[in-house]
Amino acid sequence: MKRALVAGGAGFIGSHLCDRLTEEGMSVICVDNLYTGRKENIEHLMGDPSFRFIEHDIRKPLSIDADCIYNLACPASPKHYQKDPIMTAQTNTLGVMNMLELAKANDARILQASTSEVYGDPVKHPQPEEYRGNVNPTGIRACYDEGKRMAETLFFDYHREYGTDIRVIRIFNTYGPRMNPEDGRVVSNFIVQAIKGDDITIYGDGSQTRSFCYVDDLIDGMRMMMDTDGTTGPVNLGNPEEIRILDLAKKITEMTGSTSEIIYFPLPCDDPSKRRPSIYKAWEQLGWKPAVDLDEGLKKTIGYFNTVLKRSEL
Ligand code: NAD
Ligand code: UDP
């Protein structure tokens, strides 16, 4: 049985990946320090003999047998990655090196969950992989943005120096069930606020854009990238359907039948004004493109939060 290690496997995306890999008949080792991840995301897998959970911080070295490694360990929400920025930077440097050393020791293929944040506040729109970005190296997002850029550098240096079999994907805003209601990201915030009838919090004037990808589509792309020979990436994975944050707030209010009012807060420093992936490479190299549109994905995500919030009221 093929052994897959998923670092960050108790998080939002990682737990969906663990589900997919166990469904495919793999033996899965989930490694997570539970910083933003939650045991409840993986508790349904705990009794499965092909699944194992190890509480571990990837900033410390790890010795374990694995045939392939997915590195998703890193808080993804600005609220959480800015809470302890030095820890975020360490996770993306020391932690990434530990994962690369593990891949080297096992002769394993390793995939890095990189991000659209490597493009910063982009001048080029939409963003193709060749675009080198516009990142503020000293700002409050740098621990994450520059951390993820350094992680990509380390991946490519291990590839050149040791022949490590690497895969790098750049994930654009992904959403879906199992996002933490307290996570602070825009889709979970707006849905929770709308369901509870609380004010919907827009940062800035809401004219900034994002392009949202449903988690099932992303997991398809990750699996294709891991299993495709002859490509290292970086490859963008995201949904090019772009929307203004104000329009997202209106859409979610309408879909939930909410009476919430929209209120405005200052735009955080270095918040990108626009973001949309070019997914030409993913299509050309993997035959991947997203299948779930925003309305369909939001419907499923709203259904999830309705259930979770009702349960927490009981
Ligand atoms: P998440 O915060 O839900 O998951 C991250 C997981 O990593 C958590 O379970 C957390 O406990 C764990 N973790 C953090 N630091 C760790 C450490 N030092 N050692 C071990 N575990 C650690 O976020 P997510 O949305 O599931 O994101 C997963 C990955 O995908 C992250 O690397 C993130 O940067 C990347 N990504 C996500 C998005 C998105 O829109 N969701 C976009 C771009 C990139
Ligand atoms: N945002 C917002 N209200 C919120 C949370 C986020 O207006 O309650 C905005 C945020 O300023 C950004 C966009 O929504 O412009 C996406 O934010 P998120 O934190 O989800 O992801 P990222 O900024 O990393 O793309």
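Atoms within a ligand are numbered from 1 in the order they appear, just like the ligands themselves. The structure displayed is predicted, hence computed values, not measured ones.
Against a heavy-atom cut-off of under 4.0 Å, Ala113 is close to the following atoms of ligand 1: 30 (O), 32 (O). Here is the list of ligand 2 atoms found below 4.0 Å of a heavy atom in Asp271: 10 (C), 11 (O), 12 (C), 15 (O). Of all the atoms in ligand 1, the ones that sit under 4.0 Å from a non-hydrogen atom of His56 are 19 (N), 20 (C). Of all atoms in ligand 2, numbered sequentially from 1 with element shown, those under 4.0 Å from a heavy atom of Gly184 are 5 (C). Ligand 1 places these atoms under 4.0 Å from at least one heavy atom of Asn173: 40 (O). For ligand 1, the atoms closer than 4.0 angstrom to any heavy atom of Tyr35 are 11 (O). Those atoms of ligand 1 with a heavy atom of Thr91 less than 4.0 angstrom away are 15 (N), 18 (N). Every atom of ligand 2 is numbered from 1 in the order shown, and the set under 4.0 Å from a heavy atom of Arg141 is 22 (P), 23 (O), 24 (O). Atoms of ligand 1 found under 4.0 Å from any heavy atom of Cys74 (numbered from 1 in listed order, with element): 5 (C), 7 (O), 13 (N), 14 (C), 15 (N), 31 (C), 32 (O). Interface of Gly11 with ligand 1, defined as ligand atoms under 4.0 Å from a residue heavy atom, comprises 3 (O), 4 (O), 8 (C), 9 (O). The atoms of ligand 1 that sit less than 4.0 Å from any heavy atom of Gly37 are 8 (C), 9 (O), 10 (C), 11 (O).
Ligand 1 has no N or O atom lying under 3.5 Å from any N or O atom of Arg59, backbone or side chain. Taking distance alone, with nitrogen or oxygen atoms compared against 3.5 Å, Arg38 stays at or beyond that limit from ligand 1. Between Ile58 and ligand 1, at least one N/O pair is under 3.5 Å apart. Backbone and side-chain nitrogen or oxygen atoms of Arg185 are examined, and none is located within less than 3.5 angstrom of a nitrogen or oxygen of ligand 2. The shortest N or O to N or O distance between Ser114 and ligand 1 is not under 3.5 Å. Any N or O atom pair closer than 3.5 Å counts here, and Asp183 shares no such pair with ligand 1. Checking only distances, Thr115 never comes within under 3.5 Å of ligand 1, N or O to N or O. Between Gln193 and ligand 2, no N or O atom pair is found at a separation short of 3.5 Å. An N or O contact shorter than 3.5 Å links Ile13 to ligand 1 by distance.
Residue contacts with ligand 1, taken as heavy atom pairs separated by less than 4.0 Å, do not involve Asn180 at all. Within the 4.0 Å heavy-atom criterion, the part of Asn173 lying near ligand 2 is the side chain and not the backbone. With a heavy-atom cut-off of 4.0 Å, Arg275 touches ligand 2 through its side chain alone. Counting heavy atoms under 4.0 Å from ligand 2, residue Phe190 touches it through the side chain alone. Only side-chain heavy atoms of Arg185 come within less than 4.0 Å of ligand 1; its backbone N, CA, C and O stay farther off. Contacts between Val186 and ligand 2, counted as non-hydrogen atom pairs separated by less than 4.0 Å, involve both the backbone and the side chain. Residue contacts with ligand 2 for Thr201 involve both N, CA, C or O and side-chain atoms from C-beta outward (heavy atoms, distance under 4.0 Å).
Glu117 does not count as a contact of ligand 1, since none of its heavy atoms falls under 4.0 Å from the ligand. The closest approach between a heavy atom of His80 and any atom of ligand 1 is not below 4.0 Å. Residue-ligand proximity: Ala10 is placed with a non-hydrogen atom under 4.0 Å from ligand 1. Residue contacts with ligand 1 include Lys148, since one or more of its heavy atoms lies under 4.0 Å from the ligand. Assignment of Lys79 to the shell around ligand 2 is not supported, since no heavy atom sits closer than 4.0 Å. Residue contact check for ligand 1: Pro75 places a non-hydrogen atom closer than 4.0 Å to it. Ser15 does not count as a contact of ligand 1, since none of its heavy atoms falls under 4.0 Å from the ligand. Contact analysis leaves Ser77 out of contact with ligand 2, as no non-hydrogen atom separation drops below 4.0 angstrom.
Looking at Glu152 and Arg149, no side-chain N of the basic residue comes within less than 4.0 Å of a carboxylate O on the acidic one, giving no salt bridge. Taking a cutoff of 4.0 Å between a charged side-chain nitrogen and a carboxylate oxygen, Arg160 and Asp157 qualify as a salt bridge. In this structure, Asp107 does not pair ionically with Arg109, as no charged nitrogen and carboxylate oxygen lie closer than 4.0 Å. Here Asp19 pairs with Arg178 in a salt bridge; the nearest charged N to carboxylate O distance falls below 4.0 Å. The pair Asp220-Arg20 meets the salt-bridge criterion, with a side-chain N (NZ, NE, NH1 or NH2) lying under 4.0 Å from an Asp/Glu carboxylate O. Lys299 has no carboxylate O lying under 4.0 Å from a charged side-chain N of Glu296, or vice versa, which leaves the two without a salt bridge. The existence of a salt bridge linking Arg3 and Asp67 is confirmed by a sub-4.0 Å separation between a basic side-chain nitrogen and an acidic carboxylate oxygen.
Glu117 pairs in a salt bridge (charged side-chain N to carboxylate O under 4.0 Å, His left out) with only one of the listed residues (Arg275, Arg210, Lys148), which is Arg275.
Here the CZ atom belonging to Arg52 is positioned 9.5 Å from the CG atom belonging to Leu5, to the nearest 0.5 angstrom. Annotation: the span from Leu21 atom CG to Phe51 atom CZ amounts to 10.0 Å, rounded to 0.5 Å. Rounding to the nearest 0.5 Å gives a distance of 14.5 Å between CE of Met255 and CZ of Phe190. In this structure, Thr91 OG1 and Asn33 CG are separated by 7.0 Å, a value rounded to the nearest 0.5 Å.
Comparing Thr88, Val118, Asp32 against atom 11 (O) of ligand 1, the shortest heavy-atom distance belongs to Asp32. Here the shortest heavy-atom distance to atom 36 (N) of ligand 1, taken over Tyr175, Phe12, Tyr144, belongs to Tyr144.
Nearest heavy-atom pair across Leu102 and Ser63 is CD1-CA, 4.1 Å.
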*Lys281/Glu130 under salt bridge (Lys or Arg N to Asp or Glu O under 4.0 Å): CA gap, chis, key distance, verdict*: CA-CA 10 Å; Lys281 265 208 175 120; Glu130 294 74 27; 2.7 Å; yes
